Structures are given as C-alpha cells and as structure tokens.
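Notes follow once the structure below has been shown.
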Amino acid sequence: MVSELMLQQTPVNRVLPVHEAWMERWPTPGDLAAASTGDAVRAWGRLGYPRRALRLHAAATAITERHDGVVPAEYADLLALPGVGDYTASAIASFAHGRRHVVLDTNVRRVLARAVGGTEFPGTSITRAERDVATALLPDDEATAATWAVATMELGALVCTAANPRCGSCPLADRCAWLAAGRPAHDGPPRRAQAWAGTDRQCRGRLLAVLRDAEGPVHRSVLEATWSDVPQRERCLASLLDDALVARTGPDTYALP
DNA sequence: CAGTCGTGGTA
DNA sequence: TTACCAAGACT
C-alpha cells in the first residue's frame with residue numbers, strides 16, 4: 001500500500017530508496033499513525049505531490065481505528081481510505097491479497113489500447129468501453145487473475161512503453177492490432193503539456209522545500225525570499241496552510257505540521 | 001469532466 | 001534547452 005501511494009505519478013527509481021526508509025521507520029499502519037503528519041511529509045522527501053503523504057498518514061490512522069491495524073483486503077474498504085482511488089484499491093487487493101480485480105492503470109490502458117484497440121495511446125480518461133474490454137480479458141480464476149494484473153502492468157511498464165516500445169520482444173507481437181497496422185502514430189489533439197514555470201505548483205513546492213529542509217520553525221522573511229510574486233506567494237502559503245501541509249507556529253513563523 | 005496538485009530524469 | 005513525462009486522486 002505504501003509503495004502504491006508513492007508510485008502514483010512518480011517513477012519507480014525515485015520511489016525505491018524513500019520506500020525502503022519509510023518501511024524501516026514505520027513498519028505497520030499503527031507506527032505511521034503514531035507519528036506526526038509533519039514527520040510523514042518530511043520523510044516523503046522530494047517524491048512530489050506531498051498531499052499524498054498526508055493521505056497515507058490519514059489512511060494509516062483509519063486502518064488503525066477501523067481495521068485493527070491491518071490493511072483491508074476488500075475493494076470497498078480500501079476505496080474508502082484517503083488517497084486510495086479505483087486503481088490503488090484494485091492494485092492492493094490484487095497484488096497484496098491475490099483478489100480478482102481489473103487493475104487499470106496507465107500502463108495497462110496503453111497495452112489494451114494498442115493490442116486490442118490498434119491505437120498508440122489511450123484517451124485522457126477511462127471510458128466504459130475500455131473497462132469492458134479489460135473486464136472481458138480478466139481470467140476467471142482468482143489466482144490467475146492476480147497474476148494477469150501484475151503481468152499486464154509489467155508488460156506496459158517494461159515492453160509496451162509509451163516511447164520506443166520494444167515490439168521485437170513483446171509476447172503479444174503476433175496478435176497486437178497496433179503492430180499489425182504498422183504502428184500508426186497517435187492522431188488527434190496532442191495531450192496538453194503540464195505547465196510548470198511560474199505556476200502555483202512550483203511556488204508551493206519552493207515554499208514547502210524550505211520548511212522541509214529546515215530544522216525548526218522558519219521566519220516569514222525566509223519564505224518571502226523564495227518567491228518574488230507577492231500575491232501568488234501569499235495565495236500559495238495560504239493554500240499550504242489550508243491543506244495542512246504547513247502550520248503557523250507563531251505570529252511570523254511557519255513549520256511542517 | 002477538466003483542472004489542480006511536485007519532482008527530476010530523459011530525448 | 002525545452003518538452004514531455006511517471007504504477008492517480010480529488011474536486
């Protein structure tokens with residue numbers, strides 16, 4: 001569960017060392033629940049999307065209170081946890097508990113888009129038809145379904161990659177609709193690139209990095225020195241406070257919660 | 001449903 | 001150097 005939360009939109013290579021340290025420090029949900037959210041945010045390091053650290057902490061608390069400290073195996077119970085959406089609930093139920101679930105992440109979606117749909121990339125959002133295809137392909141046997149879930153994800157992550165897919169070593173090469181069609185390039189509107197420079201996300205990241213790397217409370221002047229656009233800086237600091245990623249420790253000082 | 005939310009590697 | 005991402009969730 002910890003790795004799945006960390007892997008949401010974050011490359012495996014970056015997650016590995018953080019995950020290892022995290023699990024050594026907080027081996028059980030109860031251990032994490034007993035820690036402060038500030039420690040969780042700091043241990044999250046530079047994985048990005050730090051609200052995931054808060055959600056994981058909140059999930060650990062919920063598991064401790066509602067599930068006797070044991071990560072539930074039921075999809076509905078998992079889905080009810082903070083930071084756990086359809087993908088993560090299915091992944092935990094399937095990978096950790098061997099349950100039969102459609103695990104539809106970006107890798108699997110790409111594999112199905114190519115092998116079945118004959119297109120290079122899936123759409124921006126999951127469609128009903130897409131889920132129907134994935135459901136129809138899922139093996140009936142529970143154990144086999146769990147293996148299928150891992151296998152299709154790995155296929156997408158290691159072979160049927162977004163850029164430079166290794167069709168030469170793909171086990172589906174002889175039945176892939178996209179390959180059979182000559183690997184036609186993605187048509188239609190280009191996927192919107194996410195802006196970064198000058199955005200609130202960059203500003204929030206800059207502010208939080210200062211607090212994360214600081215020993216204790218930080219004076220307002222230090223935060224002000226990290227971002228020149230005053231209205232934006234104030235807006236971002238307010239949103240960080242609102243998200244409970246930052247706490248006000250005095251009239252002019254701030255720190256991790 | 002589209003917008004928002006971090007970060008650092010890679011072509 | 002810039003563009004484009006990488007095992008989503010939430011609003």
Side-chain angles (χ1 to χ4, degrees), chain A residues 1-19 41-59 62 78-96 101-112 120-128 130-131 134 149-165 186 189-213 226-227 232 235-246:
Chain A
M1 178 174 180
V2 172
S3 69
E4 287 302 337
L5 266 289
M6 290 182 173
L7 285 165
Q8 291 169 0
Q9 298 287 282
T10 305
V12 180
N13 294 337
R14 204 176 312 162
V15 165
L16 282 173
V18 179
H19 175 262
V41 171
R42 182 171 282 107
W44 194 258
R46 309 184 68 79
L47 288 182
Y49 295 138
R51 290 187 295 188
R52 290 182 296 166
L54 296 181
R55 293 174 185 152
L56 182 54
H57 183 278
L78 288 163
L79 191 62
L81 297 172
V84 178
D86 170 68
Y87 161 74
T88 303
S90 301
I92 295 171
S94 182
F95 302 158
H101 284 282
V102 170
V103 178
L104 206 50
D105 79 324
T106 186
N107 289 301
V108 178
R109 293 187 64 211
R110 186 172 55 251
V111 169
L112 297 183
E120 186 178 18
F121 298 115
T124 52
S125 56
I126 297 179
T127 63
R128 175 59 191 272
E130 201 174 346
R131 184 167 292 280
V150 189
T152 50
M153 266 192 69
E154 289 299 300
L155 184 62
L158 304 177
V159 178
C160 193
T161 52
N164 308 315
H186 176 73
R191 289 124 47 162
R192 267 199 58 172
Q194 40 190 349
W196 174 244
T199 61
D200 283 6
R201 298 164 72 181
Q202 184 186 30
C203 181
R204 283 167 56 103
R206 197 78 65 81
L207 293 172
L208 198 60
V210 172
L211 300 175
R212 185 196 303 129
D213 299 336
T226 65
W227 199 264
Q232 184 176 32
R235 177 174 71 246
C236 289
L237 181 56
S239 71
L240 287 170
L241 287 164
D242 190 57
D243 288 343
L245 278 168
V246 173

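So that the names make sense, note that chain A is the first sequence line, chain B the second, and so on, each numbered from 1. Because the structure is a prediction, the values reported are computed rather than measured.
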Measuring only the P atom in each nucleotide, how far is C/dA7 from B/dG3? A whole number of Å is fine. 22 Å
C/dA9 versus B/dG8 - spacing of their P atoms, nearest Å: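 23 Å, rounded to whole Å.
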Tabulate below the donor-acceptor pairs under 3.5 Å that side-chain atoms of residues 204-211 of chain A make, not counting sequence neighbours, or state none.
residue  : atom : partner  : partner atom : Å
A/Arg204 : NH1  : A/Ser239 : OG           : 2.8
A/Arg204 : NH1  : A/Asp243 : OD2          : 3.0
A/Arg204 : NH2  : A/Asp243 : OD2          : 2.9
A/Arg206 : NH1  : A/Thr226 : O            : 3.3

Ignoring hydrogens and angles, does a donor from either the side chain of A/Thr106 or the base of C/dG8 sit under 3.5 Å from an acceptor on the other? no
OP1 or OP2 of [N] under 4.0 Å from side-chain N/O of [X]:
X	N	value
A/Ser125	B/dA2	no
A/Gln8	C/dG8	no
A/Arg204	B/dG6	yes

Side-chain polar contacts of residues 42-50 of chain A - donor-acceptor pairs under 3.5 angstrom, sequence neighbours left out - could you list them?
residue : atom : partner  : partner atom : Å
A/Arg42 : NE   : A/Arg212 : O            : 3.2
A/Arg42 : NH2  : A/Ala214 : O            : 3.4
A/Trp44 : NE1  : A/Gly48  : O            : 2.9
A/Tyr49 : OH   : A/Arg201 : NH2          : 2.9

Pairs under 3.5 angstrom only: tabulate donor-acceptor contacts from the side chains of residues 2-9 of chain A to other protein residues two or more places apart or in another chain.
residue : atom : partner : partner atom : Å
A/Glu4  : OE1  : A/Tyr87 : OH           : 2.8
A/Gln8  : NE2  : A/Gly83 : O            : 3.2
A/Gln8  : NE2  : A/Thr88 : OG1          : 2.9

Atom pairs, N/O to N/O, protein against nucleotides 9-11 of chain B, distance under 3.5 Å?
none

Before you tell me yes or no, could you show the steps for A/Met1 and A/Val84 under side-chain contact (heavy atoms from CB on, under 4.5 Å), namely the whole-Å CA-CA distance, both residues' side-chain angles and the distance that decides it to 0.1 Å? CA-CA 9 Å; A/Met1 178 174 180; A/Val84 178; 3.9 Å; yes
Would you mind reading off the distance between A/Glu130 atom CD and B/dC1 atom P, rounded to a whole angstrom? 12 Å
List in chain and number order the residues that pass salt bridge (charged side-chain N to carboxylate O under 4.0 Å, His left out) with A/Asp105, two or more places apart in sequence or in another chain; answer none if no residue qualifies. none
Mind checking ring pair (Phe, Tyr, Trp, His ring centres under 6.0 Å) for A/His101 and listing every partner two or more places apart, or none if nothing turns up? A/Tyr75
